[in-house]
Amino acid sequence: MLDYIVEETLAGRKTELKATTIAMAVFGRGADFNQQSDPIVRLEARKLRRDLDTYYAGAGRDDPIRISIPKGHYIPKFTTQQTARPDGHLRPEDPGNTGKRIPKPDTGFGLRIALIAIGSILVVAAVLVWTAQPEQHTPIGTTVSAGKVAILVEDFEARAGDDLVSLVASGLTHDIAAALIRFPDVAAYLTPDRTARGSELVAPAGKPPETKFAVTGNVWREGSKILIRAELIRRADLKVLWSERFTMGAQGQSITGIQDAISSKIASAVGQQYGYALRDIRTSQPAKPNDPGLRGFACVSSAQIYRRTYHRDEYQAVRECLEATVRDDPDYSRAWAMLAYLRNDAARFGHEKELSRDEAFDLAREAAMRAIDLDPQDTDALQAMSHVEQYAGRLERSIDFAHQAVEVNPNDPAALANLAIRYAIAGRFSEAVPVMNRAIDRSVAPPPFYYHVLAADHLIKKEWPDMLAAAERASADGWSFGQAMLAIAHNQLSNDRAAQEALKKMAELDPLLSDDPRTWLESHSMHAALVEAVVTGLSEVRTAVTE
């Protein structure tokens, strides 16, 4: 498939790259191919996107040209990428390389040959990256918990360039996965996030978990109606086991009702494959006190997207949307939980200009309390309160709320990671690391910030090679703390140039952490031992750079 779409694009036929033409040329389908009943092109395109990301995170990180396939299209995109190795050493085949970005290649014959060559070997290389790892180096997260049915929830696709439809699709993906992991017999996984701007999230170093089934879906608008199609696919033979279309507002179908119906029908279809019914613990839980409207659901989805990047320029619009949602729908617990996160961010990042830090945190606590009052078992509400209590300096209460979120849903990687981070901030690394490894084990592509905890643990223990491996993963999110970990690890391993680059990037991302790391760390309520280790490590980096 990669060969075909690259060669067609270079030949000037990219406008002909449609699902039908690809199905016929690559997968041997006939002229009667119907992409609705036969999703092979869409599924293979998604797998190819993951293969490409995995390849460029490993063996292809030094390739001068990067190939990607934007979502919603089959036309490949070609970009140049920096080829300096992340450890700061020069590439052995290019002793004169200074680490500068490779200039864009000239268009024409050379580019065509390079792209075709890369296209020809890339799939094989990606397979080798996934499968050639020695068994003893297979990373955590490559196996599925024993006794559980593994299901991959693919990103629901928005069929049109409609912001509201896109937000609904994003929210459905998240919430359907969350609903599935409430079934004790299911291990549900989300695909890696490819939409976070300002950062390149690194895919796992090894082969992703072997999932037996995939959930896919589309969201689109017809007039004033929002329509949703979901389907369950058996990955072994790509057979569609269940498919159904839902219309929001039709016959009383709400967004929450649709999510519950999808997760229940998926569980039923999966259970039929094994000859037994999957246990559903939701019947023993209280009913949700409120069903959100479409705009409110979209606002919560936009807040979830914001929290992947914390972009300052997105903050105000997201917060205003949430404020309007809770005014119009005061019983929507998830909106209050997201608002608590946003208000907490305003206090810790200094977005609030007219309120003191304490007053800003009080507003965050007020929103979190409202969310918990409305739904005591909402994991987002409990995690939001754990954040608020952390920045108020009440770490034991912060850990207690994080514990409650895990008790509600012990299979939720986000809740596990939240608890692990609270443990680490309190200096309880012997408890933090196992919990974070459980979160990583339950994620297809763990977010880079999961590795902050592991890097900090290795820092405390002075395990420099292991710290570097974790810091390289942690620094991929564009946050300053990951760069601090990377600078310290490189310095301890005498990778001087790489340490200097990480230190420079940390200063660009967060001047306060660079100028006064102790104040920055203490403002996050970090344990004294971790504060001293980071402050000392950064001081040693600066000394080495100066020398």
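Keep in mind the model is a prediction, meaning the values are calculated, not measured. In this chain, residues are counted from 1 in sequence order.
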- Test salt bridge (Lys or Arg N to Asp or Glu O under 4.0 Å) on Asp175 and Arg334 and set out the steps. CA-CA 11 Å; Asp175 286 1; Arg334 185 66 59 81; 3.6 Å; yes
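- The SG atom of Cys299 sits 11.5 Å away from atom CD of Gln304, with the distance rounded to the nearest 0.5 Å.
- In this structure, Thr536 contributes its side chain and Ala533 its backbone to no donor-acceptor pair below 3.5 Å.
- Within the 3.5 Å criterion, the main-chain N or O of Trp520 finds a donor-acceptor partner in the side chain of Ser523.
- Between the side chain of Thr173 and the backbone N or O of Phe156, at least one donor-acceptor pair lies under 3.5 Å.
- The side chain to side chain contact (heavy atoms under 4.5 Å, CB included) test with Ile151 is passed by exactly one of Ile176, Ile266, Thr211: Ile266.
- Counting only distance, with no hydrogens or angles, the side chain of Arg49 and the backbone of Pro70 share a donor-acceptor pair below 3.5 Å.
- Gln390 and Ser525 make their closest contact through O-OG, 2.8 Å (heavy atoms, listed as atom of the first residue, atom of the second, distance).
- One N or O on the side chain of Arg343 and one on the backbone of Leu363 form a donor-acceptor pair closer than 3.5 Å.
- Distance check, rounded to the nearest 0.5 Å: NE2 of His490 to CD of Gln483 gives 9.0 Å.
- To the nearest 0.5 Å, atom OG1 of residue Thr325 and atom CH2 of residue Trp336 are 10.5 Å apart.
- Between Glu323 and Arg319 a salt bridge is recorded (basic side-chain N to carboxylate O distance below 4.0 Å).
- Of the candidates Asp457, Leu419, Ile421, Met436 forms a side chain to side chain contact (heavy atoms under 4.5 Å, CB included) with just one, namely Ile421.
- Considering every non-hydrogen atom in both Leu416 and Pro410, the closest pair reads CD1-O, 3.8 Å.
- Judged purely by atom type and a 3.5 angstrom limit, Ser170 has no side-chain atom pairing as donor or acceptor with the backbone of Ser166.
- With respect to Asp331 and Arg370, a salt bridge is recorded, a charged nitrogen being found less than 4.0 Å from a carboxylate O.
- Looking at every heavy atom in both residues, Val541 comes nearest to Ala487 through CG2-O, 3.5 Å.
- Considering CZ of Arg473 and CG of Leu454, their distance stands at 10.0 Å, rounded to 0.5 Å.
- Scanning all heavy atoms of the two residues, the minimum distance from Ala337 to Asp378 falls at CB-OD1, 4.3 Å.
- Contact record, His458 with Ala470: CD2-CB, 4.2 Å, taken as the closest heavy-atom pair.
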- When you look at Gln404 and Asp400, which way does the side-chain hydrogen bond (donor to acceptor under 3.5 Å, both in side chains) test go after all the steps? CA-CA 6 Å; Gln404 290 181 49; Asp400 182 56; 3.2 Å; yes
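- Checking side-chain atoms of His527 against main-chain N and O of Ala529 turns up a donor-acceptor pair under 3.5 Å.
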> Going through the distances and angles, do Arg365 and Asp362 end up as a salt bridge (Lys or Arg N to Asp or Glu O under 4.0 Å)?
Replying inline: CA-CA 5 Å; Arg365 182 178 294 103; Asp362 285 343; 3.2 Å; yes
Q) Can Arg428 and Glu396 be said to form a salt bridge (Lys or Arg N to Asp or Glu O under 4.0 Å), step by step? A) CA-CA 11 Å; Arg428 296 161 59 175; Glu396 289 307 314; 3.5 Å; yes
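- Panel note: side chain Tyr315, backbone Leu342; a donor-acceptor pair is recorded below 3.5 Å.
- Partner of Arg422 under the side-chain hydrogen bond (donor to acceptor under 3.5 Å, both in side chains) criterion, chosen from His387, His403, Glu389: His387.
- Ala544 and Asn491 get closest at one heavy-atom pair: CB-OD1, 3.1 Å.
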